[in-house]
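Step one of this worksheet: look at the structure below.
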Amino acid sequence: MIEINNLEFRYGRNQVFDNISLSLGSGKIYGLLGENGVGKTTLLRIIGGLLYPKAGNCKVFGIEAGKRLPAVLQEIFYIPEDFVLPPVNILAYAQRNGAFYPSFSLQQYKDYLQEFGVPAERKFTELSFGQRKKAFIAFALAANTKLLLLDEPTNGLDIPSKSQFRRLVASALTEENTFVVSTHQVRDLESLIDPIIILDNNEVLLNHSVEEISQKFDFGSDFERLFNAVVSDKAKFRQLFN
Ligand code: ADP
């Protein structure tokens, strides 16, 4: 689904990726973990075709993401951490924008909105930040794209909404699609993500399934414990997993 080879990226002189390679398959919800500033958003934007590699490549469905081919873009949905939505009615938005996504389902959108408790008759601009986020997540899930990229999706959600989020995302996954969810709040995604990718400065420290990790390191399904262990003893994990 996603093949990243020898990727290099920098903003001006600020080198974010020097030479990273990564492979992601379908039917999975990848957790993209890493401390603030390691490049999670940058990586999601490169995969989504919104930023271009300085060297190496990033292919989605076998095609360079940076080419931004309509056939590829219509199968990718990216939810940034923060976003602005137009002052339009939530359902009217779907009637206009759903057309960009061939598998978009209005019925699913309505169902997801209802599950999230978002009043569908309102305008986006009349919602709180958390409600807007839930409305946009509902739209993204209903778009049924092959690839869904979610950047810090649980930021701004209250505790019940976080568990609704985990439930809806888990139920929306099929064998054909891939979700990549970034977070620096690992606990929010516990029991949802598998495999786990841990990014560090210029390096992919880990990209393995929970089962593979558990065989080599007993973290008792405590993702925060795993994350802290990996970042505090990188050499040990490089040796264990490479
Ligand atoms: P994360 O999502 O892991 O917090 P980002 O991908 O947002 O990390 O940022 C990676 C690095 O790139 C950080 O050092 C950040 O300061 C820098 N950065 C992000 N966006 C820009 C930009 N538009 N211009 C310059 N530097 C940026």
Side-chain angles (χ1 to χ4, degrees), residues 1-24 28-60 64-66 68 73 76-85 129-130 132-133 136-137 140 147-157 162 165-166 169 178-190 192-208 213 223-234 237-238 241:
M1 174 78 77
I2 302 173
E3 286 294 335
I4 295 172
N5 285 304
N6 308 111
L7 177 75
E8 193 184 318
F9 183 85
R10 69 191 112 80
Y11 295 100
R13 283 202 211 132
N14 182 2
Q15 182 97 30
V16 183
F17 303 124
D18 183 10
N19 179 5
I20 65 162
S21 297
L22 199 60
S23 180
L24 286 78
K28 293 172 187 166
I29 304 175
Y30 285 83
L32 180 60
L33 315 182
E35 291 168 305
N36 286 327
V38 296
K40 300 181 296 296
T41 298
T42 304
L43 187 63
L44 291 179
R45 292 176 70 85
I46 293 171
I47 296 170
L50 297 164
L51 291 172
Y52 307 103
K54 303 294 177 206
N57 57 54
C58 170
K59 290 186 178 172
V60 177
E64 289 264 5
R68 300 182 53 77
L73 292 185
I76 302 179
F77 202 104
Y78 166 61
I79 305 188
E81 184 176 359
D82 203 357
F83 45 80
V84 178
L85 290 168
F129 176 73
R132 232 177 309 146
K133 195 139 202 179
F136 203 31
I137 291 169
L147 180 58
L148 176 58
L149 308 168
L150 303 116
D151 198 356
E152 302 279 355
T154 55
N155 266 5
L157 297 191
K162 284 178 187 178
F165 168 81
R166 285 192 293 267
V169 170
T178 300
F179 299 161
V180 188
V181 193
S182 86
T183 191
H184 65 277
Q185 289 168 340
V186 195
R187 286 252 150 84
D188 284 356
L189 301 183
E190 243 161 32
L192 178 70
I193 52 175
D194 185 9
I196 296 176
I197 300 172
I198 300 184
L199 268 190
D200 193 44
N201 294 322
N202 271 323
E203 187 181 8
V204 178
L205 285 174
L206 199 73
N207 177 15
H208 289 278
I213 299 168
F223 288 13
E224 198 161 291
R225 196 171 140 223
L226 170 71
F227 180 73
N228 290 334
V230 173
V231 295
S232 62
D233 193 351
K234 293 168 194 166
F237 282 86
R238 269 187 217 112
F241 289 96

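Counting convention: from 1, in listed order, for ligands and their atoms alike.
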Discussion item. Show me which atoms of ligand 1 lie under 4.0 Å from any heavy atom of K40.
Written reply: 1 (P), 2 (O), 3 (O), 4 (O), 6 (O), 8 (O)
Discussion item. Contact between I197 and Y30 at the side-chain level, heavy atoms closer than 4.5 Å - yes or no?
Written reply: yes
Discussion item. How far is atom 22 (C) of ligand 1 from the closest protein heavy atom, and which atom is that?
Written reply: Y11 CD2, 3.5 Å
Worksheet entry | Option among N207, I4, N6, V204 that satisfies the side-chain contact (heavy atoms from CB on, under 4.5 Å) test with S21 | N6
Item to complete: Take the angle between the ring planes of F9 and Y11 and call it parallel below 30°, perpendicular above 60°, tilted in between.
Response: perpendicular
Item to complete: Determine, considering heavy atoms only, which of G39, G34, S182, G12 sits nearest to atom 8 (O) of ligand 1.
Response: G39
Worksheet item: Which atoms of ligand 1 have any heavy atom of V16 under 4.0 Å away?
Response: 11 (C), 12 (O)
Discussion item. Once rounded to the nearest 0.5 Å, what's the spacing between atom CG of L24 and atom CD1 of I47?
Written reply: 6.0 Å
Worksheet item: atom 13 (C) of ligand 1: which protein heavy atom is closest, and how many Å away?
Response: G37 O, 3.5 Å
Discussion item. With side chain to side chain contact (heavy atoms under 4.5 Å, CB included) as the criterion, how do L33 and I193 come out once you've worked through the C-alpha distance, each side chain's angles and the decisive distance to 0.1 Å?
Written reply: CA-CA 10 Å; L33 315 182; I193 52 175; 4.2 Å; yes
Worksheet item: Is any side-chain N of the basic residue among K234 and E203 closer than 4.0 Å to the acidic one's carboxylate O?
Response: no
Fill in: Nearest candidate to atom 16 (O) of ligand 1, where distance is taken over non-hydrogen atoms, out of N36, N14, L43
N14
Discussion item. Suppose I only count heavy atoms of E35 and a 4.0 Å limit; which atoms of ligand 1 are within that range?
Written reply: 3 (O)
Worksheet item: At a 4.0 Å threshold, what atoms of ligand 1 neighbour a non-hydrogen atom of T42?
Response: 5 (P), 6 (O), 9 (O), 10 (C)
Discussion item. Rounded to the nearest 0.5 Å, what separates atom CG in N155 from atom CD in Q185?
Written reply: 5.0 Å
Worksheet item: Got the closest protein heavy atom to atom 7 (O) of ligand 1, with its distance?
Response: T41 CB, 3.7 Å
